[in-house]
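First listed ligand is number 1; within each ligand, the first listed atom is number 1.
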Amino acid sequence: MKILFVAGDPKPERWTVPIRELVPDAEVYVWDPEGPAVNADYAIVWQPPEALFEREKNLKAVFNLGAGIDGLLKVPNLPKDLTVVRLEDAGMSAQMAEYVLHQLLEASREMETYREQQRQGVWKIHRPIKRSEWPIGVMGLGHIGKRVARTLADLDYRVSGWARGQHSLENVTTYAGPDQLGEFLNSTRVLVNTLPLTDATRDIIDYDLLSRLQPGAVLINVGRGEHLVENDLLRALDEGRLLRASLDVFRKEPLPAGHPFWQRREITITPHISARTLRDATLEQITGKIRDHAQGLPVSGIVDTSRGY
Ligand code: OXD
């Protein structure tokens, strides 16, 4: 069996050495933009070039090195009938839940105020948090969204969730589809975006949506930068409709120098680190699936490419 690694990592051996250990009978190749076809059976990819599908005509499946497959679906010559498998969790949902909790606490527990007090040597206690004042709404109820919602609900926050289809989650009020989006937004103060990026969700976080959140709203975006209309976010902040935003993903990454977001006190910027791909867990999962697929066994995480996730 031949496995081709196509992920633009400057040190691909960090991946290929363990792949060889995990699948000893495989020949493992690193993508060479100038090289010949290797006739790979499987490709492990992150935002691969078009040339991959021009050259490699024997692929039985591609395995995406992340949960979001928008970067792969963007490749115009991705064969329609090729099996695409995305990463399922592999340590990401716990990281995401941690990140969202941290950003939530920054707002709900007034952490910046206490940091400022420390700088000034001030000992002053503010009133305790009332959880009822911080209702949370999680957009997207995939693996990650569910973990985030469950984590916050376990801490007794009021949590609701919204997704395209119906979901049921203990202690989380769920809403489905465009018809129930308004009700979901009205019940939300802290909006957490974990949606996949599809044509239906691109630009979904616009001025209109932000205006429908409860007063003093907070946005935590761990989905994709293209979900957010950037100027609409600035307008909502300027008008005081939004208190703060924590952004881990951007339309253009790295976020360009001089971008207005850098200067805004109310925006917390992190460089797409809310959930890192953990190499060991990722490779264990992907190589396990490659072995199963090669033996004709079913694998989970196959993407419906027409739906986009
Ligand atoms: C992912 C990501 O989709 O890291 O997994 O953005």
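Note: no N/O pair closer than 3.5 Å links Trp46 and ligand 1 by distance alone. Residue Gly68 places at least one N or O, backbone or side chain, under 3.5 Å from an N or O of ligand 1.
Of all the heavy atoms of Glu253, none lies under 4.0 Å from any atom of ligand 1, so neither backbone nor side chain is involved.
Only one option out of His126, Lys124, Glu110 pairs with Gln117 in a side chain to side chain donor-acceptor pair (under 3.5 Å); it is His126.
Side-chain polar atoms of Tyr207 and Arg241 form a donor-acceptor pair below 3.5 angstrom.
Distance CG/Asn171 to CG/Asp154: 7.5 Å, rounded to 0.5 Å.
The protein heavy-atom contact nearest to atom 5 (O) of ligand 1 is Ala67 N, 2.7 Å. Of the protein's non-hydrogen atoms, His272 NE2, 3.7 Å is the one closest to atom 4 (O) of ligand 1.
In the hydrophobic cluster analysis, where Ile, Leu, Val, Met, Phe, Trp and Tyr join through side-chain heavy atoms closer than 4.5 angstrom, Ile69 is grouped together with Val75.
At least one heavy atom of Met92 lies less than 4.0 angstrom from ligand 1.
By the 30° and 60° cut-offs, the orientation of the rings of Trp15 relative to Phe5 is parallel.
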